[in-house]
Number of protein chains: 4
Amino acid sequence: MTTPNKVTDLFNQSVDDSDLSAKQKSVLQASLTLFSEKGFDRTSTSDIAKLANVSEGTVYKQFKTKEGLLHAILTPAIQQVVPKIANDFLTELLQNNNTDFKDFLKWLAQDRMTFAVENQAQLRILIQEIARSDGMFKRLGDTFMGKIAVHANTLFQKYQDNGQLIQWPMPRIARYIASAIMGYILPVILRNDHNLDIAQSSEEVAEFLYRGLKP
Amino acid sequence: MTTPNKVTDLFNQSVDDSDLSAKQKSVLQASLTLFSEKGFDRTSTSDIAKLANVSEGTVYKQFKTKEGLLHAILTPAIQQVVPKIANDFLTELLQNNNTDFKDFLKWLAQDRMTFAVENQAQLRILIQEIARSDGMFKRLGDTFMGKIAVHANTLFQKYQDNGQLIQWPMPRIARYIASAIMGYILPVILRNDHNLDIAQSSEEVAEFLYRGLKP
Amino acid sequence: MTTPNKVTDLFNQSVDDSDLSAKQKSVLQASLTLFSEKGFDRTSTSDIAKLANVSEGTVYKQFKTKEGLLHAILTPAIQQVVPKIANDFLTELLQNNNTDFKDFLKWLAQDRMTFAVENQAQLRILIQEIARSDGMFKRLGDTFMGKIAVHANTLFQKYQDNGQLIQWPMPRIARYIASAIMGYILPVILRNDHNLDIAQSSEEVAEFLYRGLKP
Amino acid sequence: MTTPNKVTDLFNQSVDDSDLSAKQKSVLQASLTLFSEKGFDRTSTSDIAKLANVSEGTVYKQFKTKEGLLHAILTPAIQQVVPKIANDFLTELLQNNNTDFKDFLKWLAQDRMTFAVENQAQLRILIQEIARSDGMFKRLGDTFMGKIAVHANTLFQKYQDNGQLIQWPMPRIARYIASAIMGYILPVILRNDHNLDIAQSSEEVAEFLYRGLKP
DNA sequence: AATGAATGAGGGTTCATTCAT
DNA sequence: AATGAATGAACCCTCATTCAT
């Protein structure tokens with residue numbers, strides 16, 4: 001099953017399409033780079049101005065505060081971590097349930113890995129924020145629940161009825177799927193490693209998950 | 001298989017047993033709390049002094065630098081993240097290879113979960129550091145390789161020869177085991193959640209891993 | 001022999017002419033005053049900010065460091081302590097050797113005394129630095145050797161050939177000239193005394209030196 | 001004219017003879033070293049304690065403040081800069097006025113050079129203090145006037161009556177003598193140079209001064 | 001007499017933010 | 001819209017000094 005990469009980089013898109021001036025765009029790009037490299041707290045607005053070839057004042061014209069910059073960078077990323085687009089695909093899946101469970105697992109892994117590799121910098125920043133503030137992790141979880149849970153639940157139900165998925169509670173199943181995929185993604189992000197063989201990795205992880213989750 | 005909890009909290013122990021004065025101990029405790037709650041960069045040395053009921057000068061008498069404090073807190077934690085004690089157990093396992101693979105998985109999960117719950121604060125800080133600096137993650141990985149890899153390799157080999165473990169390369173197997181356990185640990189740490197049913201969780205994860213990894 | 005005062009105060013000139021803002025100039029002036037009055041180490045950057053009617057941050061905008069301020073003040077002074085301008089005069093002297101040795105001595109004394117009186121504050125600071133660090137004295141001496149020695153040597157040679165100057169080695173002669181003039185300058189600087197009758201003093205010292213150094 | 005070195009190091013004597021304990025003595029020695037090397041302001045009391053192999057508290061037992069240490073070091077030196085002992089010699093000179101002026105100059109130079117070489121460290125500190133505070137230079141001058149001036153005046157008078165000394169006012173004569181000798185001493189002190197050929201230097205300077213000051 | 005842990009004021013410096021130009 | 005000089009609060013850290021032991 002080949003899935004076209006539906007993950008469009010919202011960040012770049014918003015940077016490119018937005019009504020931001022060239023200077024403002026370069027501020028965003030510089031922030032992304034520096035926040036990801038050195039962390040939010042260790043990046044000074046003057047560092048950003050320097051890298052963006054812009055005056056310090058310009059940094060504050062569009063994004064009223066340093067935190068405003070962070071949000072401008074993180075918000076689109078967050079909205080994609082919870083796969084809004086994938087959701088459409090899930091709906092589709094529910095309608096024509098001819099897709100094999102293992103194929104689904106492979107597609108899911110591939111989709112998220114692609115997203116991760118394409119958005120390494122933002123994800124690195126996101127992970128830093130998650131690690132720092134209690135709120136972020138919970139908020140992410142809640143968003144996920146609100147947007148995905150229902151559909152995923154129904155889908156898993158279907159696979160369970162199919163006899164392709166073990167009769168465990170949905171959160172338990174989700175946890176194993178998520179953590180197995182994370183096992184490939186996190187090292188890549190945390191090591192600034194840009195080489196992940198997505199095709200093979202998604203195949204591998206799907207195989208393992210399938211074995212572990214079949215009845 | 002019941003394993004006595006061999007994980008002693010090195011941090012608290014060292015804080016209590018060390019020749020540090022009461023004030024110095026309270027500095028360490030305050031730093032642990034604040035670094036974990038607000039992050040290293042957002043904790044000021046004056047915050048620490050205030051919480052520890054101590055003058056700012058005192059903070060610097062023992063730990064020459066704010067980073068010195070961080071290391072004083074992190075070093076013992078790091079040395080336990082790589083399960084030194086587990087290593088002894090592994091050696092033991094290798095000698096009397098009558099232990100079932102599933103029991104081993106359960107013991108491992110339980111051991112690391114216990115450690116994680118007992119050292120939440122430090123691990124939270126460690127995760128923040130991992131997220132911030134490229135170096136930390138690699139260093140941890142290398143330490144792990146140096147201390148565990150050989151024994152684990154031999155052990156897995158044994159289980160493979162036993163017919164209890166699938167014939168996949170060792171790093172792949174390790175990745176799944178680690179990430180599945182992490183799937184239980186990370187949410188607990190990142191949410192400051194203190195309620196993890198270790199007995200049931202370790203049972204659950206062992207069951208899943210066993211299914212996914214048996215030939 | 002009347003010599004027009006060629007000594008222009010490079011410091012004030014550079015302060016006035018430089019592209020520094022009014023605030024930055026006032027920072028320099030305040031530093032000059034305070035360093036000279038209380039010494040570098042006993043002057044705090046907050047003192048400087050207060051005297052300059054400027055925020056502490058402003059002190060650091062132009063001069064990245066407190067030591068940077070010191071150098072900004074000292075560098076032009078040092079370049080004049082070694083009399084660059086005098087050097088031109090020496091060259092001239094060498095060409096029209098009709099100048100009497102005593103007149104030369106008088107001119108030299110007058111030139112350096114004028115310079116000293118006009119740059120008391122900087123010289124006070126310079127003396128403090130010389131007293132503090134081994135390096136400074138040597139560096140000054142080397143600079144002097146590099147810029148003056150050759151010309152002075154030739155000039156002295158001429159006066160020796162003339163029969164106006166005793167046949168002592170050049171360093172010995174230079175030592176006496178320098179220390180006799182210093183005998184007038186140092187008390188003025190160290191006492192913050194602004195009244196030095198340069199005309200009479202240079203006449204006096206020239207007379208003494210001439211007697212001591214004629215064959 | 002051979003003059004026995006009447007300059008005894010009052011500092012060492014007071015350190016040795018005083019009722020100070022061994023530890024206190026070592027505090028003084030350490031202060032002397034460090035003040036001379038790095039300057040008073042850049043020497044911390046903890047540096048002193050470390051070099052003296054003593055606790056920080058001990059530094060404060062005898063010398064109530066850091067400035068107290070400075071005075072303990074400087075006071076004896078100051079009392080010798082104004083040559084109290086030489087004064088006895090001057091008195092003697094006045095009584096049997098058979099001593100040649102040039103010999104007197106030589107003796108004076110030798111006496112002060114010896115003192116300077118033997119007390120380099122203290123003099124370095126003294127120079128730093130002179131450079132820093134207006135008061136010190138004046139105080140030294142006044143002390144000098146009070147203790148020496150009368151005798152020196154009478155002595156110079158005698159040499160003038162003798163026809164060995166030019167009829168210039170006494171301060172002018174003193175200035176030339178002092179600055180010529182300083183011309184040998186200062187470079188030695190400021191360069192931490194320990195090699196001064198006192199015999200030759202005093203001979204040289206006496207020769208020059210004699211030529212410059214004879215009628 | 002001697003120790004060294006503790007203090008707290010103050011030091012140099014950084015940095016997010018503002019605002020006149 | 002863009003600049004960059006200016007701000008001032010806060011930061012990390014040092015140090016002279018004190019005092020219980």
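Since this is a predicted model, take the numbers as computed values, not measurements. Each chain gets a letter, A, B and so on, in the order its sequence line appears, and its residues count up from 1.
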Whole angstrom is fine here: how far is it from NZ in C:Lys38 over to C1' in E:dG11? 12 Å

Which residues satisfy the side chain to side chain donor-acceptor pair (under 3.5 Å) test with C:Arg42, sequence neighbours excluded? D:Asp41

By side chain to side chain donor-acceptor pair (under 3.5 Å), C:Glu129 pairs with (sequence neighbours left out) C:Arg132

Using whole Å, report how far NZ of C:Lys25 lies from P of F:dA6. 11 Å

With sugar-phosphate taken as primed atoms, P, OP1 and OP2 and all else as base, the protein-contact string of nucleotides 8-16 of chain F at under 4.0 Å (heavy atoms; B, S, -) is B--SBBBSB

Could you tell me how far apart D:Asn53 (CG) and E:dT3 (C1') are, to the nearest whole angstrom? 13 Å

Stem list for DNA chain E, please, built from Watson-Crick and G-U wobble pairs under 3.5 Å and keeping only runs of at least 3. E:2-21 with F:2-21

In whole Å, I'd like the distance from the CD1 atom of D:Ile48 to the P atom of F:dT17. 11 Å

For D:Ser55, what residues pass the side chain to side chain donor-acceptor pair (under 3.5 Å) criterion, not counting sequence neighbours? D:Thr58

Apply side chain to side chain donor-acceptor pair (under 3.5 Å) to D:Glu56 and list each qualifying residue two or more places apart in sequence or on a separate chain. none

Can you tell me which residue pairs pass the ring-ring contact (aromatic ring centres under 6.0 Å, His included) test with a partner in residues 53-78 of chain A, sequence neighbours excluded? none

Distance (rounded to the nearest 0.5 Å) between A:Ser36 OG and A:Ile125 CD1: 5.5 Å

Using the side-chain heavy atoms of A:Lys23, tell me which of these nucleotides is nearest: F:dT7, E:dT3, F:dT3. F:dT3

Residues passing the salt bridge (charged side-chain N to carboxylate O under 4.0 Å, His left out) test with D:Lys38, sequence neighbours excluded, are D:Asp47

How would you label the contact of B:Gln62 with the nucleic acid (heavy atoms, under 4.0 Å): base, sugar-phosphate, or nothing? nothing

B:Ala131: what forms a side chain to side chain contact (heavy atoms under 4.5 Å, CB included) with it, not counting sequence neighbours? A:Ile127, A:Gln128

